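A short write-up of the structure that comes next.
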Amino acid sequence: MEESALLTNITMIITKDILVDEANSQKKPKHFLWHDNQNINEEDKMRFPLLAPMDDEDEEFFVRQQFFTKPTTKTKEEDNKTENANTRGHILRTRLTGGTRKSNKFYDPRQRKEGVKPAESEVRTSKRSKELNLLNRFENVEFEGFLHMSKMSFLKTFQFIKHLLQQSTFPAGVPAQTVFSLALWKLTTDEHFEEISRRFHIPQPDCELIVSQFWHIISDKYESYIKWPNSHLFQQLQLQGFQKHPQLKIFPNLFGILALKRLDIFLASEDAEISIILQIVCNVDQKVIDCFVELEQEYSFDETPMGQILALNENTMPKGCYLIGNKSFPLKPYLMKPITNPCFRKEHEFNRLLEPALRLGQDTLDIMAKRFNALYALEARDLAEVRKILETVCALHNLSVAIEDDYVERKREVVKFNWATDTNINITTVGSEQNVQGLQRRNDLIDRIVSNCQSKTQKKHHN
């Protein structure tokens, strides 16, 4: 009897060891091992005989203990990776399909010190991002049709401002390229945020916040992209540029061209459409070197920052230099304009010679509008946001000129409509021409320019 009992005990011990070793060698999740799980397949039942409900309870308890007390580190890491991957996929799908979004704000590390825990959704969304890659999404022709620039120009422009976007905080850690893509899409296509949200599967509040933040960032860096020539070197380059222009080199000391455009804007704060005036100064390359925005009923050149600076600071431009503007501007010694009611031949000729300069300013506005269709029907929350948007447009326009993107040039060969001239500001009031110094300066200019042109014409006919 003692021998039989001993053999029986040895048999049970060996059986337990075999069961434990076999179970430990499997890498199935724990819930596959127990008989209360109804999803066990036949292969698992054969592999784990203790899954049967009638098995010895002591043996099953022993196996349970082995699994719970001795999990391998590698298995834990793999489980964590699987769980994280599943969680990432779930959160991303929820976010892109317009799931509930509690907040756009990042978790502030200072909350940790105050003992305040962020909402679980905030922590998760701050780690997730939506990468919007328009370069791969569209073919070349389609890409240019939407964004009004080539893919190479897109990349070059993005490189200019990428560092600004990386230093800023956006909802859900949106990548810099996504920020730039959304903002550019809004300005070039003029789609409403609701349309953009549906197209790219990004919640509308996020689209609005991202694009608004982009406008704010570029506007804050206004002077980095819209530069008035202040140094002696840049002022001389400015003058030399106009002297190389075949039609404008007849104007000595020409420093810039003034242009105006009236825009009808829908303001959400007013729940109404209002009219504003966009005033720009451009150089011979059609870069914007100054821009200003004001309500139409409150606009006056003398009250603009540019008008006040030119009047008070003689060093704003080199001595003897001037700008050229249309009839709506006041005549100043530093601002030349066409004669309102020309009587003499010289006066008519002077007005004709001014046309290429005025057209340069109008073309600059037209180029901006053909690239950024948002100018055709702009909408914003308030006037402050309008200013930020238009400053952003001018900055991006300058970058497009700098990288020599030719999309708009090709488009203007086909589309003859000129936004700046055909729908220009209705000049019901003409700028004053009573400034004595301005009159004297214009008369001197007329005598010099018209006389030179007449003498050249005579020589040409004589030859």
Side-chain angles (χ1 to χ4, degrees), residues 219-243 248 251-262 276-285 287-340 354 357-358 360-361 364-365 383-384 386-388 390-391 394-395 398 425 427 429-446 448:
S219 178
D220 282 350
K221 298 296 182 181
Y222 172 94
E223 295 182 354
S224 298
Y225 306 102
I226 306 172
K227 300 179 181 180
W228 182 268
N230 288 316
S231 69
H232 176 74
L233 173 61
F234 284 108
Q235 290 179 347
Q236 292 304 310
L237 291 174
Q238 184 86 344
L239 293 170
Q240 291 171 13
F242 284 107
Q243 290 305 302
L248 300 180
F251 294 97
N253 300 324
L254 175 57
F255 196 78
I257 311 297
L258 269 166
L260 291 179
K261 184 68 180 74
R262 183 185 65 197
I276 66 167
I277 298 297
L278 169 62
Q279 173 189 290
I280 67 167
V281 182
C282 68
N283 62 15
V284 71
D285 296 323
K287 282 188 178 181
V288 177
I289 59 175
D290 183 77
C291 73
F292 177 73
V293 178
E294 184 56 277
L295 295 172
E296 183 180 22
Q297 64 269 23
E298 297 181 10
Y299 173 79
S300 169
F301 175 77
D302 290 330
E303 299 300 322
T304 64
M306 177 55 59
Q308 294 177 349
I309 291 173
L310 289 173
L312 299 175
N313 188 353
E314 296 180 353
N315 296 323
T316 303
M317 294 187 295
K319 186 176 180 179
C321 290
Y322 51 87
L323 306 175
I324 290 180
N326 61 29
K327 294 180 180 180
S328 64
F329 290 102
L331 180 65
K332 304 285 184 180
Y334 45 80
L335 203 173
M336 295 291 100
K337 55 174 287 186
I339 298 171
T340 305
L354 283 176
L358 300 177
L360 182 70
T364 301
L365 289 170
L383 186 60
V386 172
R387 290 192 174 103
K388 293 181 184 300
L390 292 178
E391 288 172 354
C394 290
N398 284 353
I425 180 173
I427 306 176
T429 59
V430 178
S432 171
E433 297 185 53
Q434 302 304 313
N435 186 283
V436 177
Q437 292 178 330
L439 283 169
Q440 183 62 47
R441 181 70 185 278
R442 186 170 66 179
N443 289 334
D444 293 341
L445 199 59
I446 291 174
R448 180 177 178 180

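Because the structure is a prediction, the values reported are computed rather than measured. Atoms considered below: every heavy atom in the structure, side chains included; atoms not considered: hydrogens, waters and symmetry mates.
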Between [X] (side chain) and [Y] (backbone), is there a donor-acceptor pair under 3.5 Å?
X: K261; Y: L365; answer: no
X: E294; Y: I277; answer: no
X: K388; Y: S219; answer: no
X: K337; Y: K327; answer: yes
X: E391; Y: F292; answer: no
X: N398; Y: V288; answer: yes

Test log, rule side chain to side chain contact (heavy atoms under 4.5 Å, CB included), inputs K227 and I289 | CA-CA 5 Å; K227 300 179 181 180; I289 59 175; over 6 Å; no

A quick test of your reading: do over 12 heavy atoms of other residues, nucleotides or ligands sit less than 6.0 Å from [atom1] of [X]?
X: E298; atom1: CD; result: yes
X: Q243; atom1: CD; result: yes
X: Q297; atom1: CD; result: yes

Could you grab the distance from atom [atom1] of [X] to atom [atom2] of [Y], nearest 0.5 Å is fine?
X: T316; Y: W228; atom1: OG1; atom2: CH2; value: 7.0 Å
X: Y222; Y: C394; atom1: OH; atom2: SG; value: 7.5 Å
X: N443; Y: I339; atom1: CG; atom2: CD1; value: 7.5 Å
X: L354; Y: L248; atom1: CG; atom2: CG; value: 9.5 Å
X: I324; Y: I257; atom1: CD1; atom2: CD1; value: 5.0 Å
X: K332; Y: L310; atom1: NZ; atom2: CG; value: 10.0 Å

Might you point out which heavy atoms bring [X] and [Y] nearest each other, and give the distance in Å?
X: P338; Y: L358; answer: CG-CD1, 3.9 Å
X: Q279; Y: F329; answer: OE1-CE2, 4.1 Å
X: G320; Y: N253; answer: O-CB, 3.4 Å
X: L239; Y: P318; answer: CD1-CG, 4.2 Å
X: P330; Y: D302; answer: CG-OD1, 4.0 Å
X: N435; Y: P333; answer: OD1-CD, 3.5 Å

Using only heavy-atom distances, determine whether the side chains of N326 and S328 contain a donor-acceptor pair under 3.5 Å.
->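 Yes, S328 and N326 have a side-chain donor paired with an acceptor closer than 3.5 Å.
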
Taking side chain to side chain donor-acceptor pair (under 3.5 Å) as the test, write out the residues that go with T304, two or more places apart.
->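 Expected list: none.
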
What I'd like to find out is whether the side chain of [X] reaches to under 4.5 Å of the side chain of [Y], using heavy atoms alone.
X: P229; Y: N283; result: no
X: L254; Y: Y322; result: yes
X: C321; Y: Q238; result: no

Would you please test L445 and R441 for side chain to side chain contact (heavy atoms under 4.5 Å, CB included) and show each step?
-> CA-CA 6 Å; L445 199 59; R441 181 70 185 278; 5.7 Å; no

Please report the C-alpha distance between I276 and V386 in whole Å, then the side-chain angles of each, then the deciding distance to 0.1 Å, and finally whether the side chain to side chain contact (heavy atoms under 4.5 Å, CB included) criterion is met.
-> CA-CA 9 Å; I276 66 167; V386 172; 3.5 Å; yes

